[in-house]
Amino acid sequence: MELNKRQEKILEIVKDNGPITGEHIADQLHLTRATLRPDLAILTMAGYLDARPRVGYFYTGKTGAQLLTENMKKLFVKDYQSIPVVISENTSVYDAIVTMFLEDVGTLFVVDKDSLLVGVLSRKDLLRASIGKQELGALPVNIIMTRMPNITMCKKEDLLIDVAQQLIDKQIDGMPVVKEADKGFEVIGRITKTNLTKAFVALAGE
Ligand code: ADP
């Protein structure tokens, strides 16, 4: 987060004089308390300052990197996930390719008749099947998909940073967001590198 000139000045004053009340900061800057209120709110929310009732503001001493890490640990899957695109396990590879184009996604999730997750299909899975000699309309996706229990998945309350680490470790583009059911997992969302890119940009804008 970039601080403006006034916010930088406030930080200096609090560093040198803290704990200090809002009134006293305002006096030093020859401004009213009301004018200062938004800046103090921003500095407190961003973690540079802490406020104690009847004591005043004091400097937390946290560096930009520490604050960034703290803010990253407030980003959860549920706030950035997208709608999942699911197909049934006896869908043909041909129809899966059509679905991938129509839905404009890079990963499809495959579910069984009880709507439980059984597989994942990526672009390369479909390309690989397409360069073979098979009849794509007659080849079901469950022959070529990556199947359970080898699917990397996450829950909506997981941290986005942990999902990002898993995508890197497993070298995959995305994963299903799941909810535990009696006999497996229901797919309730999708998280991909695109969602993570959006979170990254949101973090910079904060
Ligand atoms: P692409 O094939 O377009 O490079 P990925 O890197 O996501 O896309 O997929 C690479 C391989 O990993 C594919 O075989 C795919 O089935 C598998 N895969 C993709 N996502 C997952 C996941 N969440 N869990 C397990 N395997 C996955």
Side-chain angles (χ1 to χ4, degrees), residues 65 68-206:
L68 186 63
T69 309
E70 274 180 18
N71 285 334
M72 240 179 229
K73 293 192 169 158
K74 290 180 200 150
L75 304 181
F76 293 96
V77 165
K78 65 175 180 321
D79 301 317
Y80 288 91
Q81 71 187 46
S82 318
I83 294 166
V85 179
V86 299
I87 56 174
S88 90
E89 57 187 333
N90 42 35
T91 305
S92 69
V93 169
Y94 183 93
D95 286 341
I97 294 172
V98 172
T99 304
M100 198 173 261
F101 274 102
L102 289 179
E103 301 284 350
D104 196 15
V105 291
T107 311
L108 298 172
F109 303 124
V110 184
V111 295
D112 66 11
K113 59 180 187 344
D114 299 319
S115 298
L116 299 177
L117 178 66
V118 289
V120 174
L121 273 177
S122 76
R123 282 175 281 223
K124 253 179 263 155
D125 294 331
L126 295 172
L127 275 176
R128 199 181 302 113
S130 308
I131 56 175
K133 289 243 153 52
Q134 299 106 321
E135 170 54 55
L136 299 184
L139 182 66
V141 289
N142 63 11
I143 306 287
I144 65 155
M145 68 190 186
T146 298
R147 59 187 59 248
M148 283 296 242
N150 299 323
I151 301 177
T152 305
M153 45 198 181
C154 65
K155 302 242 163 81
K156 67 181 188 342
E157 55 279 352
D158 286 348
L159 278 174
L160 224 44
I161 188 73
D162 293 336
V163 169
Q165 185 65 58
Q166 293 219 58
L167 294 186
I168 293 170
D169 293 346
K170 303 274 165 69
Q171 300 186 10
I172 50 178
D173 291 345
M175 65 175 81
V177 183
V178 299
K179 191 172 92 183
E180 220 161 323
D182 278 349
K183 290 189 178 135
F185 297 95
E186 271 171 43
V187 183
I188 58 168
R190 169 172 69 96
I191 201 106
T192 65
K193 289 178 178 171
T194 306
N195 302 110
L196 294 171
T197 308
K198 282 184 184 155
F200 181 68
V201 170
L203 208 56
E206 265 176 8

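Whatever order the structure lists them in is the order used to number ligands and atoms, beginning at 1. Note that the numbering runs from 1 along the sequence shown for the chain. Keep in mind that what you see is a predicted model, and the values were worked out from it rather than measured.
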Subject >> Verdict with supporting geometry, I143 and V93, side chain to side chain contact (heavy atoms under 4.5 Å, CB included) >> reply: CA-CA 9 Å; I143 306 287; V93 169; over 6 Å; no
Original post:
Strictly by modelled atom types, are K198 and N195 linked by a side-chain donor-acceptor pair under 3.5 Å?
Top reply: no
Original post:
Under the salt bridge (Lys or Arg N to Asp or Glu O under 4.0 Å) test, which residues partner R128, sequence neighbours left out?
Top reply: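 Salt bridge (Lys or Arg N to Asp or Glu O under 4.0 Å) check on R128 returns D125.
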Subject >> Residues that E157 engages under salt bridge (Lys or Arg N to Asp or Glu O under 4.0 Å), provided they are two or more places apart >> reply: none
Between ligand 1 and the protein, give all atom pairs where both partners are nitrogen or oxygen and the distance is under 3.5 Å, as lines of names plus distance to 0.1 Å.
| residue | atom | partner | partner atom | Å |
| --- | --- | --- | --- | --- |
| ligand 1 | 2 (O) | S122 | OG | 2.6 |
| ligand 1 | 2 (O) | K124 | N | 3.2 |
| ligand 1 | 4 (O) | K124 | NZ | 2.9 |
| ligand 1 | 6 (O) | Q171 | O | 3.4 |
| ligand 1 | 7 (O) | D173 | N | 2.9 |
| ligand 1 | 8 (O) | D173 | OD2 | 3.3 |
| ligand 1 | 14 (O) | D125 | OD1 | 2.6 |
| ligand 1 | 14 (O) | D125 | OD2 | 3.4 |
| ligand 1 | 16 (O) | D125 | OD2 | 2.4 |
| ligand 1 | 16 (O) | T146 | OG1 | 2.6 |
| ligand 1 | 23 (N) | T152 | O | 3.0 |
| ligand 1 | 23 (N) | G174 | O | 3.2 |
| ligand 1 | 24 (N) | T152 | N | 2.8 |

Name each donor-acceptor pair under 3.5 Å that joins a side chain in residues 97-114 to protein atoms two or more places apart or in another chain, with its distance.
| residue | atom | partner | partner atom | Å |
| --- | --- | --- | --- | --- |
| T99 | OG1 | D95 | O | 2.8 |
| D112 | OD1 | D114 | N | 2.9 |
| D112 | OD1 | S115 | N | 3.2 |
| D112 | OD1 | L116 | N | 2.9 |

Subject >> Rounded distance [0.5 Å steps], CG in L139 versus OG in S92 >> reply: 8.0 Å
